[in-house]
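Working notes for the structure below.
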Amino acid sequence: MVRCRIAIIASLCGLPLAVLSAPATTRQRFEFRKVLMGVECRLVLYAPDAPRAREAGAAAFDRIAALDAVMSDYRPDSELMRLCAVGHHAPTKVSPDLFTVLRTALDIAQASDGAFDITVGPFVRLWRQARQTRQLPTPSELADARTKVGWQKICLDPEKRTVRLAVAGMQWDLGGIAKGYAVDCALQVLQRFGVAQAMVEFGGDIRLGDPPPHRAGWRIRLPEGAQPAVMELARCAVSTSGTTEQFVDINGQRYAHIIDPRTGLGLTRLTVATVVADCGLLSDPLATAVCVLGREKGEQLVRRYNARIVFFRQAP
Ligand code: AMP
Ligand code: MG
């Protein structure tokens with residue numbers, strides 16, 4: 001079962017493409033930045049010349065913008081939002097990108113015993129409301145939201161690539177996995193342009209291709225307090241999640257943007273986790289799940305995906 005899970009996920013991660021590339025020594029470093037999905041995306045790549053670098057970089061950004069149109073929960077016209085609106089009537093065929101993300105999200109939901117759950121959208125909306133009003137949701141608001149939450153309420157048919165929602169009014173939130181998938185897709189685009197020595201950084205999610213010339217890896221800075229502070233990595237993904245950047249303080253208690261699906265409320269303990277996996281499609285949701293689960297259960301979870309926790313901090 002576990003072996004099978006890794007095999008499926010490995011195929012989703014995508015193997016590096018065979019590319020025709022100039023010798024590494026003739027390559028120059030280029031860096032591009034663009035705000036996408038509300039976050040700055042940074043590309044660092046080594047290419048033979050500026051036109052090739054610009055073309056590859058623009059195509060990678062275009063790919064991410066296209067994914068935003070599929071997965072955003074802020075855009076009412078996104079494929080995700082349209083699916084949530086009608087998907088309870090009948091099985092609905094979805095794009096390969098959305099299906100790939102949903103399949104992995106459900107796999108991790110099951111493996112994490114629901115700690116990672118993309119159906120937490122109604123709780124996330126209550127958290128956003130609390131951030132405005134500085135008031136916690138009422139028990140009845142939480143109970144109402146809970147009727148629409150639960151990964152078991154999603155039914156996927158891999159053969160027909162269809163999705164069905166068991167109840168109406170579900171609001172899915174891919175905020176804990178979409179950027180991880182996006183960095184994978186962006187790197188794949190760069191590779192298609194013959195740019196294999198590349199790094200894609202998107203908020204807390206980083207996907208690394210081949211290392212820069214004459215180096216064993218990319219130097220990745222870990223969160224404050226990590227020892228060592230920097231790791232040299234290549235051909236993998238690194239994601240950091242935590243409660244330190246997005247939160248609301250209510251009555252002296254801090255509620256972070258990561259929801260504990262058991263309570264429906266944001267995490268209250270200071271927690272930071274960094275996970276290294278084969279691809280962002282795994283490292284991103286696993287880092288979020290580890291924050292909810294804590295270190296011990298988090299370790300058990302990431303092992304199932306050939307991943308590792310390289311940094312973890314939690315207040316007592
Ligand atoms: P990340 O920054 O990758 O840890 O993802 C956090 C985002 O994922 C939040 O802003 C929500 O959009 C979404 N989210 C919050 N809690 C969960 C959860 N328990 N499972 C899945 N997604 C979540
Ligand atoms: Mg995440």
Side-chain angles (χ1 to χ4, degrees), residues 12-22 27-81 94-101 104 173-213 218-221 233-241 245 277-285 287:
L12 295 173
C13 288
L15 294 169
L17 300 170
V19 288
L20 287 171
S21 52
R27 299 188 156 229
Q28 307 163 48
R29 183 183 189 279
F30 297 91
E31 187 171 332
F32 304 104
R33 292 165 190 261
K34 187 167 184 173
V35 174
L36 293 155
M37 300 184 182
V39 178
E40 185 177 80
C41 180
R42 184 167 78 103
L43 309 177
V44 180
L45 52 94
Y46 289 81
D49 52 55
R52 171 92 71 104
R54 271 200 297 272
E55 197 186 6
F61 286 144
D62 285 350
R63 177 79 170 105
I64 297 180
L67 287 173
D68 190 36
V70 171
M71 298 196 278
S72 171
D73 67 308
Y74 282 95
R75 297 167 58 160
D77 61 335
S78 72
E79 186 184 2
L80 177 82
M81 294 295 273
V94 301
S95 65
D97 283 324
L98 187 54
F99 199 84
T100 298
V101 170
T104 306
D173 183 328
L174 300 179
I177 190 168
K179 287 203 295 301
Y181 182 62
V183 294
D184 292 344
C185 293
L187 183 72
Q188 212 168 36
V189 168
L190 297 177
Q191 288 170 336
R192 282 201 196 108
F193 278 82
V195 176
Q197 295 165 297
M199 172 182 98
V200 185
E201 180 177 15
F202 199 11
D205 302 297
I206 302 172
R207 177 73 197 257
L208 304 170
D210 291 351
W218 297 85
R219 288 171 62 78
I220 303 300
R221 182 161 291 283
L233 297 164
R235 300 181 197 96
C236 65
V238 190
S239 290
T240 298
S241 282
E245 280 178 20
D278 288 345
C279 58
L281 182 61
L282 291 177
S283 60
D284 184 6

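All figures in this text were calculated on a predicted structure; none of them were measured in a lab.
Looking at Asp210 and Arg235, their side chains come closer than 4.5 Å, going by heavy atoms from C-beta outward. Between Gln197 and Pro213, some side-chain heavy-atom pair lies under the 4.5 Å cut-off. Between Asp73 and Leu80 there is a side-chain heavy-atom pair separated by less than 4.5 Å. Using a 4.5 Å heavy-atom cutoff, the side chains of Leu98 and Leu174 are in contact. Taking 4.5 Å as the limit, some side-chain heavy atom of Leu208 sits within range of a side-chain heavy atom of Ile220. Side-chain atoms of Ile177 and Met71, non-hydrogen and from C-beta on, never get closer than 4.5 Å to each other.
Closest non-hydrogen pair, Ala47 versus Ala53, comes out as CB-CB, 3.8 Å. Shortest non-hydrogen contact noted between Trp218 and Ala234 is CD1-CA, 4.4 Å. Here the closest heavy-atom approach between residue Pro76 and residue Met81 is recorded as O-CB, 3.5 Å. In terms of heavy atoms, Asp184 sits closest to Gly280 at OD1-N, 2.7 Å. The two residues Ile206 and Glu201 come nearest to each other via the heavy atoms CG1-CG, 3.8 Å. Closest non-hydrogen pair, Ser95 versus Val70, comes out as OG-CG1, 4.0 Å.
Residues satisfying the side-chain contact (heavy atoms from CB on, under 4.5 Å) criterion with Arg33, sequence neighbours excluded, are Glu31, Glu40, Arg42. Residues satisfying the side-chain contact (heavy atoms from CB on, under 4.5 Å) criterion with Met37, sequence neighbours excluded, are Ile64, Leu67, Asp68, Lys179, Ala182, Phe202. Legend: residues meeting side-chain contact (heavy atoms from CB on, under 4.5 Å) with Ala198, ordered by chain and number and at least two apart, are Leu45, Leu187, Leu190, Val195. For Asp97, the salt bridge (charged side-chain N to carboxylate O under 4.0 Å, His left out) test picks out Arg63, with sequence neighbours left out. For Ala58, there are no side-chain contact (heavy atoms from CB on, under 4.5 Å) partners two or more places apart in sequence or in a different chain. Judged as a side chain to side chain donor-acceptor pair (under 3.5 Å), and not counting sequence neighbours, the contacts of Ser239 are Asp205, Ser283.
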Quick one, Arg54 with Phe30, criterion side-chain contact (heavy atoms from CB on, under 4.5 Å). Give me CA distance, side-chain angles, the key distance, then yes/no.
CA-CA 9 Å; Arg54 271 200 297 272; Phe30 297 91; over 6 Å; no
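Between the SG atom of Cys41 and the CZ atom of Phe32 there is a distance of 12.0 Å, given to the nearest 0.5 Å. Residue Phe99 holds its CZ atom at 10.0 Å from OG1 of Thr104, rounded to the nearest 0.5 Å. Taken from CZ in Arg207 to CG in Leu281, the straight-line distance is 10.0 Å, to the nearest 0.5 Å.
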